[in-house]
There are 2 protein chains.
Amino acid sequence: MEKNYSNYDLDNLDVQILSILMEDASIPYTEIAKKLIVSGGTIHVRMKKMEELGIIRGSNLIINPQKVGFDITAFLGIYLEKGSQYSDAVEQLRQVKEVVELHYCTGQYSMFAKIICKDTSHLRKVLNEDIQGLKGIQRTETIISLEESIKRQITL
Amino acid sequence: MEKNYSNYDLDNLDVQILSILMEDASIPYTEIAKKLIVSGGTIHVRMKKMEELGIIRGSNLIINPQKVGFDITAFLGIYLEKGSQYSDAVEQLRQVKEVVELHYCTGQYSMFAKIICKDTSHLRKVLNEDIQGLKGIQRTETIISLEESIKRQITL
DNA sequence: GTTGAAAAGTGCTGCGA
DNA sequence: TCGCAGCACTTTTCAAC
């Protein structure tokens with residue numbers, strides 16, 4: 001399905017289509033077509049091309065975590081005992097459902113995670129029981145987000 | 001539009017609908033209905049209710065940043081000169097398009113940002129020219145992500 | 001590559017249980 | 001409150017430019 005172009009040149013039309021749908025994926029093709037003064041069929045062809053190229057990963061329904069009782073976002077700097085334990089640690093952290101992002105990174109931490117929990121006691125449980133005990137993890141540093149002021153995708 | 005229930009009890013059906021659409025918002029209601037053994041109309045009613053309650057924020061087209069030439073993800077710990085400059089700093093950072101997330105947080109940093117850039121020279125430009133010079137920002141620490149191993153939404 | 005329209009499928013609304 | 005059926009709208013396809 002996904003063709004092997006590492007970097008495809010998007011033209012202006014592609015970028016404008018993506019920009020619109022990145023903000024709201026439910027906007028109909030026909031409406032985009034009107035706005036960009038092309039036919040609906042063209043939007044469809046472009047989208048199909050970009051899907052095949054792997055530029056489009058899919059679409060997500062975005063929910064408000066706070067409304068469903070998930071109130072705490074935290075970042076976790078993770079120190080591994082040895083760098084070689086990285087892939088092991090990834091697999092273990094993948095089992096922890098509260099981990100929504102995990103990065104292998106430069107700087108003081110070996111890995112860096114973003115986790116979302118229901119409340120402080122849930123966070124404590126995840127840190128103490130689910131993460132601190134994992135094989136290869138030496139220690140962690142926690143940064144708690146009190147407010148998410150900006151949340152968006154890149155501007156093309 | 002949005003009713004003022006701070007926390008509404010979702011039943012099992014609501015949670016299952018959300019779980020499916022959070023992974024792929026393009027799945028038709030009729031298919032969800034078949035999977036959960038209810039009618040399409042019921043899915044529609046539940047979705048409308050959750051939209052009115054503000055549980056659903058919308059939907060995004062997810063693109064692969066690397067395929068469009070954005071190759072570097074970095075996290076930025078930001079030290080402010082005074083905590084009171086927070087809202088000022090938020091507004092300034094909102095103008096920097098490369099900043100995709102910004103948190104006000106506990107711990108050593110006053111604020112914590114996630115930024116996505118095209119390459120190392122783009123990152124350097126954003127750090128040196130767009131961010132370091134902003135009023136109220138004392139200094140920053142950069143963590144560069146070499147690999148994003150996990151990227152998902154919360155599991156309800 | 002793009003267009004325009006026809007065909008297929010989906011979302012929405014109202015009635016009935 | 002839920003399910004069913006008809007209508008409106010969208011996506012998809014395709015021949016022609």
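Per chain, numbering begins at 1; letters A, B, ... match sequence-line order. Hydrogens, waters and symmetry mates are skipped; everything else that's a heavy atom, side chains included, is used. Note that the coordinates shown come from a computational prediction; the quantities given were computed from them, not determined experimentally.
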Under 4.0 Å, heavy atoms only, any strand: does A/Val38 hit a base, just the sugar-phosphate, or nothing? sugar-phosphate

Hey, does A/Thr42 reach any base, or is it just sugar-phosphate, or nothing, if we go heavy atoms under 4.0 Å? base

To the nearest Å, give me how far apart [atom1] ([X]) and [atom2] ([N]) are.
{"X": "B/Tyr29", "N": "D/dT10", "atom1": "OH", "atom2": "C1'", "answer": "14 Å"}
{"X": "A/Ile43", "N": "D/dC9", "atom1": "CD1", "atom2": "P", "answer": "20 Å"}
{"X": "A/Ile32", "N": "C/dT3", "atom1": "CD1", "atom2": "P", "answer": "15 Å"}
{"X": "A/Asp11", "N": "C/dT2", "atom1": "CG", "atom2": "C1'", "answer": "13 Å"}
{"X": "B/Lys49", "N": "C/dT13", "atom1": "NZ", "atom2": "P", "answer": "18 Å"}
{"X": "B/Met47", "N": "C/dT13", "atom1": "CE", "atom2": "P", "answer": "14 Å"}
{"X": "A/Ile37", "N": "C/dG4", "atom1": "CD1", "atom2": "P", "answer": "13 Å"}
{"X": "B/Lys34", "N": "D/dG3", "atom1": "NZ", "atom2": "C1'", "answer": "17 Å"}

So which atom in [X] and which in [Y] form the shortest heavy-atom distance, rounded to 0.1 Å?
{"X": "B/Phe70", "Y": "A/Thr155", "value": "CZ-O, 3.9 Å"}
{"X": "B/Ile62", "Y": "A/Asn60", "value": "CG1-OD1, 3.1 Å"}
{"X": "A/Asp71", "Y": "A/Gln66", "value": "OD1-CG, 3.2 Å"}

Would A/Lys49 and A/Glu52 count as a salt bridge (charged side-chain N to carboxylate O under 4.0 Å, His left out) if you check the C-alpha gap in whole Å, the side-chain angles of each, and the deciding distance to 0.1 Å? CA-CA 5 Å; A/Lys49 181 195 67 183; A/Glu52 283 171 357; over 6 Å; no

Nucleotide nearest [X] (side chain, heavy atoms from C-beta), chosen from [options]:
{"X": "A/Arg46", "options": "C/dT2, D/dT11, D/dG3", "answer": "C/dT2"}
{"X": "A/Pro28", "options": "C/dG11, D/dT13, D/dT10", "answer": "D/dT10"}
{"X": "A/Ser39", "options": "D/dT11, C/dC12, C/dT3", "answer": "C/dT3"}
{"X": "A/Lys48", "options": "D/dT11, C/dC12, D/dT13", "answer": "D/dT13"}

Looking at A/His44, does any N or O in its side chain come under 4.0 Å of the phosphate oxygens OP1/OP2 on D/dT11? no

In terms of relative ring orientation, are A/Tyr79 and A/Tyr109 parallel, tilted or perpendicular, with 30° and 60° separating the classes? perpendicular

